[in-house]
*Asks:* 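The structure under discussion is supplied below as structure tokens; questions concerning it will follow.
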There are 2 protein chains.
Amino acid sequence: MRELLYLKDENIKDFIEQIFYVYRETYSDPKKVLKKYSFGSAHHRVIILVERNNGITISGLLNKLKITKQSLNRILKDLIKNNSIIIKKGEIDSRQRHIFLNEKGKKIFNEIFTEQKKKIYNALKNSDSDSVLKFKKVLNKIINE
Amino acid sequence: MRELLYLKDENIKDFIEQIFYVYRETYSDPKKVLKKYSFGSAHHRVIILVERNNGITISGLLNKLKITKQSLNRILKDLIKNNSIIIKKGEIDSRQRHIFLNEKGKKIFNEIFTEQKKKIYNALKNSDSDSVLKFKKVLNKIINE
DNA sequence: ATTTTTGGGTCAGTTATATTGACATATCTA
DNA sequence: TAGATATGTCAATATAACTGACCCAAAAAT
């Protein structure tokens, strides 16, 4: 039987450490932009998720963020006050709230994204398409385990 | 000129979102174990880094964690009180402090690691070695950008 | 038609983790 | 010896999360 080196503990430990660094590095660059609007990482994550899932509901966001609704509410209030998002009642189910980025929110997202994409863009640019594809597949496997 | 689809904004956005999920999923499972010792994520990260870098100095840890020494100090005090780590003066440079996991710390690390490795292990098990290798390379490229 | 469940909102208090800024001490280096 | 470095510590503050207890309105189930 072949030895699967990449399943050895030391390799898994490498990944645990690297995933920490990758997350931190990926999410640290836009901090100056966020500070300009008095936003923190929590706002950052909400803006990203709303941009990617326009019209997402409160419970949709809660499922993706895995925080409490009290925590989310604080963030949403800030974003509404800042005029970055608008919230609409559901047409089918009027208990639901659908969240959208408005013009200001889209502008802020773009500023954030411009900073945040750099490291990933450069890393991918220096990789071949097969590597990028396989990178994505393993990422997804970890998420869906 | 070929179009590099994987450099398109929408693909980068995928990665930004996935990296968040992967980090969270990778670091969420050991929370019950940590709670048993009244430890949080900050302690978790320190234990991991000390296990991987036995004898690391304070400034070594600060460079990896990128937090302030005041923040680190709170964590280290907890870990010392709990008898998970010991701190020794440097023999060459006695200003330095070298941090080691002791028996209790190793035991706690193993409990944490047992929980934390599961998702990664299963994800890698369902991947071929080429994918795992390429996954690691792209991770490193993002970190070192 | 009434009851139960669901989606969301909110008040209050607490905890965890990080920050800034200032200052102290010992030790190493030039 | 002067300055730089490694670490420790006090105090105040910010951020982001938590638990727990309620509330209302609308949908779904009975």
Side-chain angles (χ1 to χ4, degrees), chain A residues 20 23-24 27-28 30-50 55-82 85-100, chain B residues 20 23-24 27-28 30-50 55-82 85-100:
Chain A
F20 164 59
Y23 172 73
R24 194 193 47 202
Y27 278 79
S28 62
K31 279 184 182 160
K32 289 153 216 153
V33 174
L34 290 161
K35 202 144 198 176
K36 211 170 71 180
Y37 300 99
S38 300
F39 289 161
S41 310
H43 305 84
H44 182 179
R45 289 190 291 272
V46 169
I47 289 171
I48 285 173
L49 289 176
V50 174
I56 191 172
T57 61
I58 300 289
S59 65
L61 263 185
L62 290 177
N63 284 331
K64 286 179 185 291
L65 290 165
K66 298 202 176 152
I67 57 175
T68 57
K69 61 178 173 174
Q70 295 91 321
S71 294
L72 177 56
N73 225 265
R74 178 181 60 87
I75 306 302
L76 292 179
K77 278 179 180 170
D78 290 343
L79 294 172
I80 292 166
K81 195 175 288 173
N82 168 281
I85 59 171
I86 42 166
I87 294 190
K88 291 180 187 167
K89 270 197 179 183
E91 289 182 4
I92 299 159
D93 184 338
S94 70
R95 290 173 306 176
Q96 293 187 326
R97 302 287 178 266
H98 295 278
I99 309 166
F100 303 85
Chain B
F20 164 60
Y23 172 73
R24 194 193 49 204
Y27 278 79
S28 62
K31 279 185 181 160
K32 289 154 215 152
V33 173
L34 290 161
K35 201 145 198 174
K36 212 170 71 180
Y37 301 99
S38 301
F39 288 161
S41 312
H43 306 84
H44 182 179
R45 289 190 291 271
V46 169
I47 290 171
I48 285 173
L49 289 176
V50 175
I56 191 172
T57 62
I58 300 289
S59 64
L61 264 185
L62 289 177
N63 284 331
K64 286 179 184 292
L65 290 166
K66 296 200 178 155
I67 57 175
T68 58
K69 60 180 173 174
Q70 295 91 320
S71 293
L72 178 58
N73 224 265
R74 177 181 62 88
I75 306 302
L76 292 180
K77 278 179 179 169
D78 290 343
L79 293 172
I80 291 166
K81 195 174 289 172
N82 168 280
I85 59 170
I86 43 167
I87 294 191
K88 290 180 186 167
K89 269 197 180 183
E91 290 182 4
I92 298 160
D93 184 338
S94 71
R95 292 172 304 178
Q96 294 186 324
R97 302 288 178 266
H98 296 278
I99 309 166
F100 302 86

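Letters go in sequence order (proteins before strands), and every chain restarts at 1. Basis for what follows: all heavy atoms, side chains included, without hydrogens, waters or symmetry-related copies.
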*Asks:* Give me the ring orientation class for A:F100 and A:H98: parallel if the planes are under 30° apart, tilted from 30 to 60°, perpendicular past 60°.
*Replies:* tilted

*Asks:* Answer yes or no: does atom NZ of B:K36 have more than 12 heavy-atom neighbours from other residues, nucleotides or ligands under 6.0 Å?
*Replies:*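 Atom NZ in B:K36 is crowded, with more than 12 foreign heavy atoms closer than 6.0 Å.
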
*Asks:* Considering every strand and a 4.0 Å limit on heavy-atom distances, what is the contact class for B:H43: base, sugar-phosphate, or nothing?
*Replies:* sugar-phosphate

*Asks:* Pick from B:V46, B:D78, B:L79: which one makes a side-chain contact (heavy atoms from CB on, under 4.5 Å) with B:I85?
*Replies:* B:L79

*Asks:* For DNA chain D, whose closest nucleotide is more 5', that of A:R45 or that of A:D93?
*Replies:*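 Per heavy-atom nearest nucleotide, the more 5' residue is A:R45.
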
*Asks:* What does nucleotides 20-26 of chain C look like as a protein-contact string, B for base, S for sugar-phosphate only, - for none, at under 4.0 angstrom between heavy atoms?
*Replies:* BBB---B

*Asks:* Between B:R97 and D:dA6, does any side-chain N or O lie under 4.0 Å from OP1 or OP2?
*Replies:*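 Result: no.
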
*Asks:* Of A:S59 and B:S38, whose nearest nucleotide on DNA chain C comes first from the 5' end?
*Replies:* A:S59

*Asks:* Looking at C:dG8, D:dT7, C:dT10, which one has an atom nearest to any side-chain atom of A:T57?
*Replies:*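 Minimum distance to the A:T57 side chain belongs to C:dG8.
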
*Asks:* Need one value for A:H44: base, sugar-phosphate or nothing, where a base atom within 4.0 Å counts as base even if backbone is also close, heavy atoms only.
*Replies:*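 The answer is nothing, as A:H44 stays clear of every strand by at least 4.0 Å.
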
*Asks:* Which part of the nucleic acid does B:I92 contact within heavy-atom distance under 4.0 Å: base, sugar-phosphate only, or nothing?
*Replies:* sugar-phosphate

*Asks:* Could you check whether the rings of A:Y27 and A:H44 sit parallel, tilted or perpendicular, using 30° and 60° as the cut-offs?
*Replies:* tilted

